[in-house]
Amino acid sequence: MEAALCLGVLRQAAQIHRAGLKSYGLLTAEPGAAGYPFTATGVVFLDSRKNRRNDPGHRAAFRAQGDYFRQFDDAGFVADPAELLAACRAIEASGREIVAPFHSHRRQPANFSLIDYRLHNPAFAWHLIISLADPRRPALQPFAVAKDPCDFGISDRDACQGSELAYPGPEVRPLALAAHGPPGALRRLTHTVHPQAAPARASRRARPPDPSEPGLPATHQPVPG
């Protein structure tokens, strides 16, 4: 991902988090993009105010996943079907394709949880988690996910506990996030997700930048954390 795109995702997710809501949406790319489909060149945030998680049928299914989901009614999300369909049609009309879903964790680390695995759409080979458990040090962590197409969904007949904990199986493995772009944007991204790497004179509360600075050569580097 471009560093400016990563920072834009973090900035918007932080705004939604401050409003007491969970972020979720779709990462997109052009079919000919380098590294496709393990690359993202665009993002679509779905409207967190339309989260259907607490509709009666969905709420019962989430509450069946353990104490955490009974305690926090913002744990989990269900996209509004009409909004999701409109977003998919707009993405297709633009010539892009969906490469991965993403969502935020408001209290949990950037793990790929048991419930994340059960609700992950097996059509996609990876998933991006944004942790805002510590808003001063957000985390972006992509995961490769291999999943049987028939293995999808949760039910109010489940009697689960600890569904927010990391999925332990070999079907999920963390991926490295490789950011590219002008050095200034890369530095700001590194300082946002890894603030102790910032120089002493720099602000400890890094702010996402405007789009990338002109005139600087493109570079690639992994993002710590």
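What you are looking at is a predicted structure, and each value in this text was computed from that prediction instead of being measured.
For the pairing with Y68, the side-chain hydrogen bond (donor to acceptor under 3.5 Å, both in side chains) check across Q161, R107, E164 returns one residue only, R107.
Both L27 and F45 are assigned to one and the same hydrophobic cluster, defined by single-linkage of ILVMFWY side chains at heavy-atom distances under 4.5 Å. Residues M1 and V44 do not share a hydrophobic cluster, defined by chaining ILVMFWY side chains whose heavy atoms lie under 4.5 Å apart. Linking Ile, Leu, Val, Met, Phe, Trp and Tyr whenever their side-chain heavy atoms come within less than 4.5 Å puts L189 and V9 in one cluster. Both Y24 and L84 belong to a common hydrophobic cluster when Ile, Leu, Val, Met, Phe, Trp and Tyr are linked at side-chain heavy-atom distances under 4.5 angstrom.
With hydrogens and angles left out, the side-chain atoms of S131 and Q141 include no donor and acceptor closer than 3.5 Å.
Relative orientation of the F124 and H120 rings is perpendicular, given thresholds of 30° and 60° on the angle between their planes.
For residues 40-65, every residue pair satisfying the salt bridge (charged side-chain N to carboxylate O under 4.0 Å, His left out) rule, not counting sequence neighbours, is listed here: D47-R49, R52-D55, R52-D80. Residue pairs that meet the side chain to side chain donor-acceptor pair (under 3.5 Å) test with at least one member in residues 86-95, sequence neighbours left out, are S94-R96.
Side-chain atoms of K147 come within 3.5 Å of backbone N or O of Y117 as a donor-acceptor pair. A donor-acceptor pair is defined here as one N or O able to donate and one able to accept, closer than 3.5 Å; no such pair exists between the side chain of R106 and the backbone of A75. Put simply, the side chain of Q108 never gets that close to the backbone of L132: no donor and acceptor are under 3.5 Å apart. N51 places no side-chain N or O within 3.5 Å of a backbone atom of S48 that could act as its donor or acceptor partner. With hydrogens and angles ignored, the 3.5 Å screen pairs no side-chain donor or acceptor of S163 with any backbone N or O of L114.
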> Can you check side-chain contact (heavy atoms from CB on, under 4.5 Å) on L10 and V193, steps first, answer last?
Replying inline: CA-CA 9 Å; L10 288 171; V193 300; 3.9 Å; yes
>> For I154 and Q65: C-alpha separation, side-chain torsions, deciding distance, then whether side-chain contact (heavy atoms from CB on, under 4.5 Å) applies.
In response: CA-CA 8 Å; I154 59 176; Q65 307 312 309; 3.6 Å; yes
>> Determine whether V145 and Y167 satisfy the following criterion, side-chain contact (heavy atoms from CB on, under 4.5 Å), listing intermediate values before the conclusion.
In response: CA-CA 11 Å; V145 186; Y167 182 83; over 6 Å; no
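When side chains are defined from C-beta on, F102 does not count as touching L140, because their heavy atoms never get closer than 4.5 Å. Within the 4.5 Å cutoff, the side chain of L119 has no heavy atoms near those of the H103 side chain.
Rounded to the nearest 0.5 angstrom, E2 CD and L186 CG are separated by 10.0 Å.
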